[in-house]
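Just below is one structure, and these are the notes that go with it.
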Protein chains: 2
Amino acid sequence: MIEFDPDRTVWAQVYDLLRQRIESGVYKERLPLPSIVHLEQELGIARQTVRKVIAKLADQGYVNAIAGKGTFVRPREDWNASGE
Amino acid sequence: MIEFDPDRTVWAQVYDLLRQRIESGVYKERLPLPSIVHLEQELGIARQTVRKVIAKLADQGYVNAIAGKGTFVRPREDWNASGE
DNA sequence: TAAGATTTGTTCGTATGTATA
DNA sequence: ATATACATACGAACAAATCTT
């Protein structure tokens, strides 16, 4: 389980965590992230909060969610690291 | 169709219903339950809710789900009726 | 061998209600 | 009132195992 900073929102902290895992290669390009259910349990947070994070990661070009299949890490050139 | 008590969760009520059917012999030992799709339609509830109930029944030793075959009622001595 | 149907298993998507700050 | 967060529940698509034709 993870300890969250009570002074920041959970979703912002999870966003940073998952972005780091992508950028550092823990989650590899073109492969799926752990499922939403898995992340819920690993992080001890609600489904909607996980989805909020994934929506933002998708918006930033990090991942691509496909219904019924999974959420895949997009190739590095699609990432939009800075606020660009 | 079944009328659910709005003050209890659907899955808890369906769990009680199916457990009763098993314990009373409506669903017989070593034989398969109606399929998930059948239960969805009979009870008018979502697939995931049925699956949540079956997962709990399996956890309590009442049934054994086998992919591609069905969900079978386990012999009585395997049941874990009380909180034991 | 191949194709199709049935069944359980897994996944993302959406909506509602509740509680809290 | 708004944003955050959790729990429940429904919807839809995809996949794999099993069985039959």
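In the text below, chain A, chain B and the rest are named by the order of the sequence lines, each starting its count at 1. Here the structure is a predicted model, which means the values were calculated and not measured. Computed over heavy atoms, backbone and side chain alike; hydrogens, waters and symmetry mates excluded.
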query = Under 4.0 Å between a side-chain N or O of B/Thr71 and OP1 or OP2 of C/dT8?
reply = yes

query = Can you find a pair of side-chain heavy atoms, one from B/Phe72 and one from B/Tyr27, that are under 4.5 Å apart?
reply = no

task = Write out all pairs satisfying salt bridge (Lys or Arg N to Asp or Glu O under 4.0 Å) with one or both partners inside residues 48-60 of chain A, taking only residues at least two apart or from two chains.
result = none

key: Distance in angstrom units between B/Ile36 CD1 and C/dT6 C1', rounded   = 12 Å

Qualifying residue for side-chain contact (heavy atoms from CB on, under 4.5 Å) with A/Val50, from A/Leu39, A/Leu33, A/Thr71 = A/Leu39

remark   = CD (B/Gln48) and CD1 (B/Ile36) are apart, to the nearest 0.5 Å, by 11.0 Å

Protein-nucleotides 16-18 of chain C N/O pairs closer than 3.5 Å?
residue: C/dT16; atom: O4; partner: A/Gln48; partner atom: NE2; Å: 3.0

note = Nt span of DNA chain D in reach of chain A heavy atoms at under 4.0 Å, 5' end first, is D/dT4 to D/dA15

query = Whole-Å distance between C/dG9 P and B/Lys52 NZ?
reply = 16 Å

request  = Starting from C1' on C/dC12, measure out to NE2 on A/His38 and report it in whole angstrom.
outcome  = 16 Å

query = Would you call A/Tyr62 and A/Asp78 a side-chain contact if the rule is heavy atoms closer than 4.5 Å?
reply = no

task = For A/Ser24 and A/Gln20, indicate whether the former's side chain and the latter's backbone hold a donor-acceptor pair under 3.5 Å.
result = yes

remark   = Here the distance between atom C1' of C/dC12 and atom CZ of A/Arg47, to the nearest Å, is 7 Å

query = If you look at every heavy atom in B/Ala58 and B/Arg74, which pair is closest and at what distance?
reply = O-NH1, 4.5 Å

task = Can you sort out the partners of A/Arg76 under side-chain contact (heavy atoms from CB on, under 4.5 Å), two or more places apart, ordered by chain and number?
result = A/Glu29, A/Trp79

ask   = Does OP1 or OP2 of C/dG9 have a side-chain N or O of B/Arg51 closer than 4.0 Å?
value = yes

key: Stretch residues 63-70 of chain B: residues that reach within less than 4.0 Å of DNA chain C through a heavy atom   = B/Ala65, B/Ile66, B/Ala67, B/Gly68, B/Lys69, B/Gly70

inquiry  = Please check: side-chain N/O of B/Lys69 versus main-chain N/O of B/Ile66, any donor-acceptor pairing under 3.5 Å?
reply    = no

Partners meeting side-chain contact (heavy atoms from CB on, under 4.5 Å) with A/Arg8 (sequence neighbours left out) = A/Asp5, A/Ala12, A/Gln13, A/Asp16

request  = Check the distance between C/dT11's C1' and A/Leu39's CG and give it to me in whole angstrom.
outcome  = 12 Å

key: A/Val37-A/Ile54 co-clustered via ILVMFWY side chain contacts under 4.5 Å   = no

